[in-house]
Structures are given as C-alpha cells and as structure tokens.
Amino acid sequence: AQIQSRGYAATKEVAKFPGTKGSDGKYTVSLIEGDGIGPEISQSVKDIFSAANAPVKWETISVDPVFKDGKQSIPDDAIASITRNYVALKGPLATPIGKGHVSLNLTLRRTFNLFANVRPCKSIQGYKTPYDNVDTVLIRENTEGEYSGIEHVVVDGVVQSIKLITRDASERVLRFAFQYAQDIGRLKVRAVHKATIMKMSDGLFLSCANEIAKDYPNVEFDAELLDNACLKIVSDPTPYNDKVLVMPNLYGDILSDMCAGLIGGLGLTPSGNIGDECSIFEAVHGSAPDIAGKGLANPTALLLSSIMMLQHMGLTEHASRIQAAIFKTLAEGKTITGDLGGKAKTHEYAEAVIKNL
Ligand code: NAD
C-alpha cells in the first residue's frame with residue numbers, strides 16, 4: 001500500500017533542492033523540449049499542467065551543443081537555468097550514430113552529476129498485455145560503464161571501447177538504491193551484473209554492493225547475473241515486484257527497455273536522473289524519428305516523468321490528480337494513441353486526460 005501511495009516516486013522525502021519557488025508561489029522548472037517527438041509531447045505536459053493548475057512555470061532552454069576550448073558542452077544559459085532551478089523536465093535528444101557530437105544526454109548527466117537513473121515500470125490497469133502485474137523498479141548507474149566515451153582505434157580494423165567502473169560511482173549509486181529501497185518500503189535490493197565474465201569491472205561493482213549492504217541490515221540483499229535476470233523477468237515478472245534492481249549503466253539501459261516491452265512499450269515508461277542537487281526527469285524513450293511531427297506520439301512516458309518530478313518537488317497532490325487522470329484515460333481505452341492500439345492523436349489524448357482531471 002505504501003508503494004502504491006508513493007506512485008512514481010523518485011525519492012521518499014521531498015528533495016533537498018525541490019526547485020526555486022517564486023513570490024507568486026510557482027516553481028520555475030527548466031524545460032528541454034528535445035528533438036523529434038519532443039516538442040509534441042512537451043506540449044501535452046504543458047497543456048495538462050496548466051489545466052490542473054500545477055504551480056509550475058516553464059523556462060524553455062536549448063541544449064544544442066557548443067564547443068568551448070575544443071570541447072563539446074551545452075550552452076552557458078542552459079547550465080545556468082538548471083543550476084538555478086534545480087529541477088528540469090527533458091524531451092528526448094537525438095544522438096548521431098557512429099560519428100558526430102557526443103550524446104547530449106551524457107553531457108547533461110555528467111555536467112550535473114546525475115549519478116542515479118530511477119526507472120519504474122508498472123502495468124497499466126485496463127491495458128491488456130501478457131502480464132498484468134509488472135511492477136519493476138530499476139536503478140541504473142548513470143555516469144560511467146560502457147558509456148564513459150573512451151574509445152580509440154588500436155590499429156586498422158581493431159578498436160577499443162573502455163568500460164570504466166569506479167568504486168566512487170558504484171558506491172554512490174548503490175547507496176542511493178539501498179536508501180531508495182528503504183524509503184519506499186521495498187526492502188529487497190538485487191544487484192544485476194556479469195562478474196562471471198567481467199571479473200574486475202563488474203566484480204568491483206558487486207563487491208561495493210556487498211559492502212554497502214552491511215550498512216542497511218534491514219534491507220535484504222542478493223545478486224543475479226544479467227542474462228538470468230532477463231530470462232526470469234520475461235518468463236514471470238512477479239518475483240521482481242518486491243525488489244529494487246541496481247546495475248551498471250548499459251545493463252540498466254537495456255533491461256529497462258525490456259521491462260517497458262512487458263507493459264505496452266516505450267510510450268509508457270518514465271525516469272528520473274537524480275543528482276545531489278539537480279535532477280532531470282525524462283521519458284525512457286528516444287526522439288522516435290519515424291513518427292515525429294505527425295501527432296502520433298504517446299505523451300504518457302513524459303507525463304509520468306513529470307509526475308515523478310512533482311513528487312520530487314513535494315507537489316504530491318498535483319502529482320496524484322494528474323496521475324489519476326492519465327490512468328483513467330488509459331483504462332477507458334477510448335482515446336489512446338496508436339502505439340497502444342488506439343487512433344487518438346497526441347493532442348486528443350491530452351484533451352481526454354484534461355477532461356478526466
Ligand atoms: P526511440 O525510443 O526513439 O524509438 C523506438 C521505437 O519506439 C520507435 O518505433 C518509436 O516510434 C517508438 N516510440 C518511442 N517513443 C514513443 C512514444 N512516446 N509514442 C509512440 N511510440 C514511441 O529509439 P530509437 O529510434 O532507437 O532512437 C531515436 C533517437 O533517440 C536516437 O538518436 C537515439 O540516440 C535517441 N535516444 C534518446 C534518448 C534520450 O534522450 N534519453 C533515449 C533513447 C534514444
């Protein structure tokens with residue numbers, strides 16, 4: 001019941017830095033609309049927040065890459081906005097494949113030291129999938145691993161990508177996971193790893209997990225191999241409903257998309273990138289170039305990310321009200337988007353949510 005009432009919580013307590021409240025009682029939140037379907041789904045969030053009288057003012061910023069001293073960064077005013085507001089909502093950002101600029105998602109996570117990525121994935125009541133009881137919570141290390149961006153050509157035809165695992169980053173995300181498990185009353189933490197093969201890197205992550213577990217005697221701790229976890233979750237997700245899964249970066253990226261597939265796809269899964277000060281909330285999905293600009297996108301994932309954001313800011317009543325309207329609209333099944341088998345356009349779905357507020 002406690003988990004239910006917390007909804008899509010990013011942390012139990014209101015964040016230490018829940019945003020900056022103005023004299024009008026409204027919080028200013030940085031908004032990165034993003035690429036592809038980003039502006040369309042951001043519009044739905046803006047419309048629904050405004051109809052729900054959520055006390056949020058959006059400060060729209062661009063994070064188009066700039067180059068300073070030969071290094072890629074994001075514009076100073078975007079950094080200043082997020083630093084000032086502590087909280088941001090972000091649409092997807094496209095990353096060129098195999099060449100071009102470094103992922104701006106990575107740049108943002110590094111710039112603001114957003115070390116933990118919280119990815120809850122819950123079945124949507126009334127929306128039929130092979131399992132109707134999925135309730136996984138996955139915490140992904142967000143700053144290193146295979147995503148450290150250290151790659152080079154050794155000789156022609158031979159390249160190396162370095163998977164970087166540090167004790168500091170591992171301990172930080174593991175401590176976050178144990179604290180999170182305690183906060184939401186889900187008192188089992190499972191580390192997912194491949195230390196059988198990557199004995200040193202995943203081995204370090206796992207040994208850090210065993211150490212941190214000692215500081216949380218009321219939280220049960222165990223570990224599972226990544227391949228086994230994938231097999232088990234798709235065979236029967238129920239045993240994962242009482243656990244918080246924590247894992248290195250790449251595994252979290254892949255496993256969370258797999259979980260999304262179990263509940264109806266990427267249009268439904270939110271996430272929070274949490275740091276010590278700033279936090280950025282975003283959908284798990286990307287910019288969906290195949291459907292961009294056509295009004296076909298499902299804004300639910302970004303909406304649920306904005307619910308996580310409201311929870312994080314302590315605006316729980318607004319979070320619950322908007323969340324209830326989203327779930328009611330999905331359960332009615334009349335006005336849902338194409339990815340869920342419906343015919344509604346993005347804005348029609350948003351209007352139906354507004355009617356259900
Ligand atoms: P994607 O998530 O954009 O799309 C995968 C599939 O899911 C597509 O068929 C798409 O139409 C569908 N889909 C995704 N979101 C949807 C939604 N809200 N409603 C309906 N259908 C939806 O993955 P991709 O095609 O591999 O990546 C496209 C771009 O997005 C790439 O440049 C990638 O780097 C980037 N990306 C960004 C983020 C991020 O900003 N956090 C995350 C993942 C991918």
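Start at 1 and go down the list; that is how both ligands and their atoms are numbered. Given the structure is predicted, the values throughout are model-derived calculations rather than measurements.
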Not counting sequence neighbours, which residues clear side-chain hydrogen bond (donor to acceptor under 3.5 Å, both in side chains) with Ser305? List them please. none
Can you sort out which atoms of ligand 1 are near Asp339, meaning under 4.0 Å from one of its heavy atoms? 20 (C)
Taking only heavy atoms of Lys90, which atoms of ligand 1 are found under 4.0 Å from at least one of them? 39 (C), 40 (O), 41 (N)
Considering only NZ, NE, NH1 and NH2 on the basic side and carboxylate oxygens on the acidic side, decide whether Arg109 and Glu141 come within less than 4.0 Å. no
Asp222/Lys188 ion pair, N-O < 4.0 Å: no
Quick one: are Val87 and Ser30 in side-chain contact, heavy atoms under 4.5 Å? no
Got a protein heavy atom sitting under 4.0 Å from atom 6 (C) of ligand 1? no
State, to 0.1 Å, how close Val284 and Pro270 come at their nearest heavy-atom pair, and which atoms those are. CG2-O, 3.6 Å
Distance from atom 41 (N) of ligand 1 to nearest protein heavy atom, with residue and atom: Glu282 OE1, 3.0 Å
Is there side-chain contact between Ile263 and Thr269, with at least one heavy-atom pair below 4.5 Å? yes
Tell me whether the count of non-hydrogen atoms from other residues, nucleotides or ligands lying under 6.0 Å of CZ in Arg167 goes above 12. no
Do Arg84 and Glu59 meet the salt-bridge criterion of a basic N to acidic O distance under 4.0 Å? yes
Are there protein heavy-atom neighbours of atom 34 (O) of ligand 1 below 4.0 Å? yes
Does Pro289 come within less than 4.0 Å of ligand 1, judged by its heavy atoms? yes
Quick one: which of Leu303, Ile326, Asn298 gives a side-chain contact (heavy atoms from CB on, under 4.5 Å) with Leu268? Asn298
Indicate, as side chain, backbone, both or neither, the part of Ile37 found under 4.0 angstrom from ligand 1 when only non-hydrogen atoms are considered. side chain
Candidates Arg190, Lys243, Lys194 - the one meeting salt bridge (charged side-chain N to carboxylate O under 4.0 Å, His left out) with Glu224: Arg190
Do any nitrogen or oxygen atoms of Leu93 come within less than 3.5 Å of a nitrogen or oxygen of ligand 1? yes
Of the choices Thr300, Leu266, Thr95, which has the non-hydrogen atom that lies closest to atom 31 (C) of ligand 1? Thr95
If you scan protein heavy atoms around atom 29 (C) of ligand 1, the nearest is Ser287 OG, 3.2 Å
Looking only at protein heavy atoms, what sits closest to atom 36 (N) of ligand 1 is Gly286 CA, 3.4 Å
Please check if the number of heavy atoms outside Glu317 that lie under 6.0 Å from its CD is greater than 12. no
Of the protein's non-hydrogen atoms, which lies at the shortest distance from atom 42 (C) of ligand 1, and what is that distance? His285 O, 3.5 Å
In the protein, what heavy atom is nearest to atom 39 (C) of ligand 1, and what distance, to one decimal place, separates them? Asn105 ND2, 3.2 Å
Of the protein's non-hydrogen atoms, which lies at the shortest distance from atom 8 (C) of ligand 1, and what is that distance? Asp290 OD2, 3.5 Å
Atoms of ligand 1, numbered as shown, that sit under 4.0 Å from any heavy atom of Val284: 42 (C)
Look only at interatomic distance and state if Ala288 has a nitrogen or oxygen under 3.5 Å from any nitrogen or oxygen of ligand 1. yes
Within a distance under 4.0 Å of any heavy atom of Ala94, pick out the atoms of ligand 1 and give their elements. 32 (O)
Which atoms of ligand 1 are found less than 4.0 Å from any heavy atom of Pro92? 40 (O)
Should the pair Arg140 and Phe115 be classed as cation-pi, given the thresholds of under 6.0 Å to the six-membered ring centre and 45° from the axis? no
With ring-ring contact (aromatic ring centres under 6.0 Å, His included) as the rule and sequence neighbours excluded, what pairs involving residues 199-252 come up? Phe178-Tyr216, Phe178-Phe221
Checking contacts here: is it the side chain or the backbone of Asn298 that comes within 4.0 Å of ligand 1, counting heavy atoms only? Could be both or neither. both
Going by heavy atoms, is Leu104 under 4.0 Å from ligand 1? no
The protein heavy atom nearest to atom 21 (N) of ligand 1 is Ile291 CD1, 3.6 Å
